[in-house]
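Residue numbers start at 1 and run along the sequence shown. Order of listing sets the numbers, starting from 1, for every ligand and every atom in it.
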Amino acid sequence: MTNNIKQAIIIGGGPAGVSAALYLARAGQKVCIIENGPGALAKAHKIDNYYGIAASGAKLYAAGLEQARSLGVEILQDEVLGVEYTDCFTLSLKNTAVQLQTEALILATGSKNITLNLPGLIELEGKGISYCAVCDGFFFRKKRVAVLGNGAYALHEAAYLKQLAGSVTILTNGQSGDAAKAAGFEVNTSVLQAVEGNGKLSSIRFTDGSTLAVDGLFIALGTADSTDMARKLGAELNGRFIRIDGDGATNIPGLFAAGDCTGGLMQVAKAVHEGARAGLTALKFLRQHKTEEK
Ligand SMILES: Cc1cc2nc3c(=O)[nH]c(=O)nc-3n(C[C@H](O)[C@H](O)[C@H](O)COP(=O)(O)OP(=O)(O)OC[C@H]3O[C@@H](n4cnc5c(N)ncnc54)[C@H](O)[C@@H]3O)c2cc1C
């Protein structure tokens, strides 16, 4: 697989990601935003609490992307499935065959709004329930694992686990399992009722009365969000949000975050502020990096 190297990559084309891109692009950096269509912003019927604006969220979202484009920002419509770090950040995408690489990565995917009220889930987190195949797959070598989810992200996690685990079953929770079957995975489409185990996950119970004996369950619902990616990269989290310092930097050099994914006030004003700040800090990082290389 060939790689495509970018100066700075921003995952997310909402107010946080676009604001970061504006500051980087206007300072002469080559920036690429990867985004997967409207996030939280486009769901807002009307934004009338942001300075100088009274417009629908969808209109504001489209205007933001257009503004970035007009300043030379490359906008790539795709879904990021995973990020790894070796000498730089390497991104795997759903529809782009090449992997993208960068020295400065800004996470701005908003916050995934999927709640899973499954009895036993909270109690068994870290005791068989995991949210990260790269982090925890090692503990399930030759064991029976299941992956909950039916999108490209779930298949990406499952493909990683397949190299380590004894068996991998995709649980679609009542959704279609066609894509997973086509990819060669064992699929169970039953609706989940509970996860069970005495201090350690041992089985999954379904509403049709059946059970599946497992050692591990990896949750990979929807698309990967910033927190999923930060967790894989070893960044510090604050619950389900990313921990950043006062400049928008995480504890990993070159990795920044902004917007809803950092928690706190989930509003456009805060996303714009954090995006601008992360963009400027990433700029400083890139310039320092360049000086050190000379
Ligand atoms: C119904 C509703 C009403 C709201 N009303 C208001 C309001 O009146 N005023 C206000 O200030 N705020 C409001 N908000 C909140 C506001 O929309 C958010 O705080 C703001 O949009 C957060 O910006 P963001 O850039 O962090 O994330 P988002 O706007 O959610 O943008 C996320 C971006 O990340 C991309 N993305 C996600 N995952 C991936 C992936 N794996 N690969 C590639 N791209 C990905 C998406 O495609 C999107 O471009 C409202 C939110 C909702 C849901």
Side-chain angles (χ1 to χ4, degrees), residues 6 9-23 31-69 73-83 89 91-96 99-100 102 105-115 131-132 149 151-157 220-233 240-242 244 248 256-279:
K6 312 274 178 193
I9 291 181
I10 297 161
I11 310 177
V18 165
S19 298
L22 297 181
Y23 279 82
V31 191
C32 174
I33 288 180
I34 306 168
E35 74 109 34
N36 193 27
L41 181 60
K43 294 194 183 105
H45 172 64
K46 190 176 177 192
I47 303 277
D48 59 5
N49 57 0
Y50 183 64
Y51 176 77
I53 293 282
S56 72
K59 205 169 167 187
L60 202 54
Y61 162 72
L65 284 178
E66 191 41 49
Q67 187 181 10
R69 213 175 265 120
V73 174
E74 179 187 356
I75 315 266
L76 183 59
Q77 302 280 343
D78 209 335
E79 178 185 334
V80 178
L81 300 175
V83 185
F89 298 98
L91 284 70
S92 302
L93 281 74
K94 183 178 171 189
N95 301 314
T96 307
Q99 291 184 316
L100 301 189
T102 187
L105 179 65
I106 300 178
L107 302 174
T109 67
S111 180
K112 192 154 57 176
N113 194 11
I114 299 176
T115 45
Y131 295 84
C132 176
Y153 173 48
L155 297 187
H156 183 75
E157 292 285 273
L221 294 164
T223 55
D225 72 357
S226 294
T227 305
D228 295 321
M229 298 177 208
R231 187 184 285 119
K232 287 187 172 67
L233 290 167
R240 44 185 278 266
F241 300 109
I242 302 171
I244 50 169
F256 311 89
D260 282 4
C261 66
T262 67
L265 183 71
M266 305 256 197
Q267 291 280 282
V268 174
K270 183 258 195 185
V272 167
H273 163 69
E274 283 194 357
R277 192 177 57 181

### Task
Please state whether I33 comes within less than 4.0 angstrom of ligand 1, counting heavy atoms only.
no
### Summary
heavy-atom search around atom 35 (C) of ligand 1 in the protein gives G12 CA, 3.7 Å
### Task
Number the atoms of ligand 1 from 1 as they appear, then name those within less than 4.0 Å of a heavy atom of D78, with their elements.
42 (N), 43 (C)
### Query
Which heavy-atom pair separates A278 from A258 by the least distance, and what is that distance?
CB-CB, 4.2 Å
#### Entry: N/O donor-acceptor pair under 3.5 Å between K59 side chain and A42 backbone
no
#### Entry: side chain to side chain contact (heavy atoms under 4.5 Å, CB included) evaluation trace for F89 with L233
CA-CA 9 Å; F89 298 98; L233 290 167; 4.1 Å; yes
### Message
Using a 4.0 Å cut-off to any heavy atom of G259, which atoms of ligand 1 qualify?
### Response
26 (O)
### Query
Can you tell me if OH on Y153 sees more than 12 non-hydrogen neighbours from other groups inside 6.0 Å?
yes
### Query
Taking it one step at a time, do T223 and K94 satisfy side-chain hydrogen bond (donor to acceptor under 3.5 Å, both in side chains)?
CA-CA 10 Å; T223 55; K94 183 178 171 189; over 6 Å; no
## Note on the structure
Note: A108, heavy atoms under 4.0 Å from ligand 1, region reported as backbone
#### Entry: K270 to ligand 1, any heavy atom closer than 4.0 Å
no
### Message
Set out, in order, the CA-CA distance, both residues' side-chain angles and the distance that settles side chain to side chain contact (heavy atoms under 4.5 Å, CB included) for L41 and V268, then state yes or no.
### Response
CA-CA 8 Å; L41 181 60; V268 174; 3.7 Å; yes
### Query
In terms of heavy-atom contacts, does NZ of K112 have more than 12 from other residues, nucleotides or ligands at under 6.0 Å?
yes
### Message
Using a 4.0 Å cutoff against the non-hydrogen atoms of L41, which atoms of ligand 1 qualify?
### Response
17 (O), 21 (O), 29 (O)
### Task
Report the residue from E66, E35, K43 that forms a side-chain hydrogen bond (donor to acceptor under 3.5 Å, both in side chains) with Y61.
E35
### Query
Hey, looking at atom 32 (C) of ligand 1, which of T109, I47, D228 has the closest heavy atom?
T109
### Query
Between the main-chain N or O of N95 and the side-chain N or O of D78, is there a donor-acceptor pair closer than 3.5 Å?
yes
### Query
Any sub-3.5 Å donor-acceptor pair from S92's side-chain atoms to L81's backbone N or O?
no
### ligand 1 versus N36: contacting region, heavy-atom distance under 4.0 Å
both
### Message
Starting from atom 27 (O) of ligand 1, what is the nearest protein heavy atom, named by residue and atom, and what distance separates them?
### Response
G110 CA, 3.3 Å
### Message
Taking 4.0 angstrom as the limit and counting only heavy atoms of G14, give me the atoms of ligand 1 inside it, by number and element.
### Response
25 (O), 29 (O), 31 (O), 33 (C), 49 (O)
### Message
Pairing donors with acceptors under 3.5 angstrom, does anything connect the side chains of S111 and R240?
### Response
yes
### Task
Ignoring angles and geometry beyond distance, decide whether N49 reaches within less than 3.5 Å of ligand 1 through its nitrogen or oxygen atoms.
yes
### Query
So which protein heavy atom does atom 15 (C) of ligand 1 come closest to, and at what separation?
M266 O, 3.5 Å
### Query
Does D48 approach ligand 1 within less than 4.0 angstrom via side chain, backbone, both or neither, non-hydrogen atoms only?
neither
### Query
Are D225 and ligand 1 in contact, using a heavy-atom cut-off of under 4.0 Å?
no
### Summary
Among A224, A152, C261, A269, closest by heavy atom to atom 41 (N) of ligand 1 is A224
### Message
Under 4.0 Å, counting heavy atoms only: does G37 come that close to any atom of ligand 1?
### Response
yes
### Task
State, without any angle test, whether N49 and Q267 hold a side-chain donor-acceptor pair at a distance under 3.5 Å.
yes
### Message
Applying a heavy-atom cut-off of 4.0 Å, say which part of M229 lies close to ligand 1: side chain, backbone, both or neither.
### Response
side chain
### Summary
The protein heavy atom nearest to atom 1 (C) of ligand 1 is K43 O, 3.6 Å
### K46 backbone acceptor or donor facing S56 side chain under 3.5 Å
no
### Query
What is the nearest protein non-hydrogen atom to atom 50 (C) of ligand 1, stated with its residue, atom name and distance?
A44 CB, 4.2 Å
### Message
Taking 4.0 angstrom as the limit and counting only heavy atoms of K46, give me the atoms of ligand 1 inside it, by number and element.
### Response
8 (O)
### Query
What part of A271, side chain from CB on, backbone N/CA/C/O, both or neither, has a heavy atom under 4.0 Å from ligand 1?
side chain
### Query
Yes or no on side chain to side chain contact (heavy atoms under 4.5 Å, CB included) for D48 and I53, after CA distance, side-chain angles and deciding distance?
CA-CA 6 Å; D48 59 5; I53 293 282; over 6 Å; no
### Task
Would you mind running through ligand 1 and noting each atom that sits below 4.0 Å from a heavy atom of V80?
40 (C), 41 (N), 42 (N), 43 (C)
### Query
Short list, please: which atoms of ligand 1 are under 4.0 Å from a heavy atom of A16?
25 (O), 26 (O)
### Task
Go through the steps to decide whether V83 and I11 satisfy the test side chain to side chain contact (heavy atoms under 4.5 Å, CB included), and finish with yes or no.
CA-CA 11 Å; V83 185; I11 310 177; 4.2 Å; yes
#### Entry: Polar side-chain atom of T262 near backbone of G259 as donor-acceptor pair, under 3.5 Å
yes
### Task
Considering heavy atoms of the protein only, find what lies nearest to atom 12 (N) of ligand 1 and give residue, atom and distance to 0.1 Å.
Q267 NE2, 3.2 Å
## Note on the structure
Closest to atom 52 (C) of ligand 1 among protein heavy atoms sits A40 O, 3.9 Å
### Message
Give me the nearest non-hydrogen protein atom to atom 18 (C) of ligand 1 as residue plus atom name, then the distance to 0.1 Å.
### Response
D260 OD2, 3.4 Å
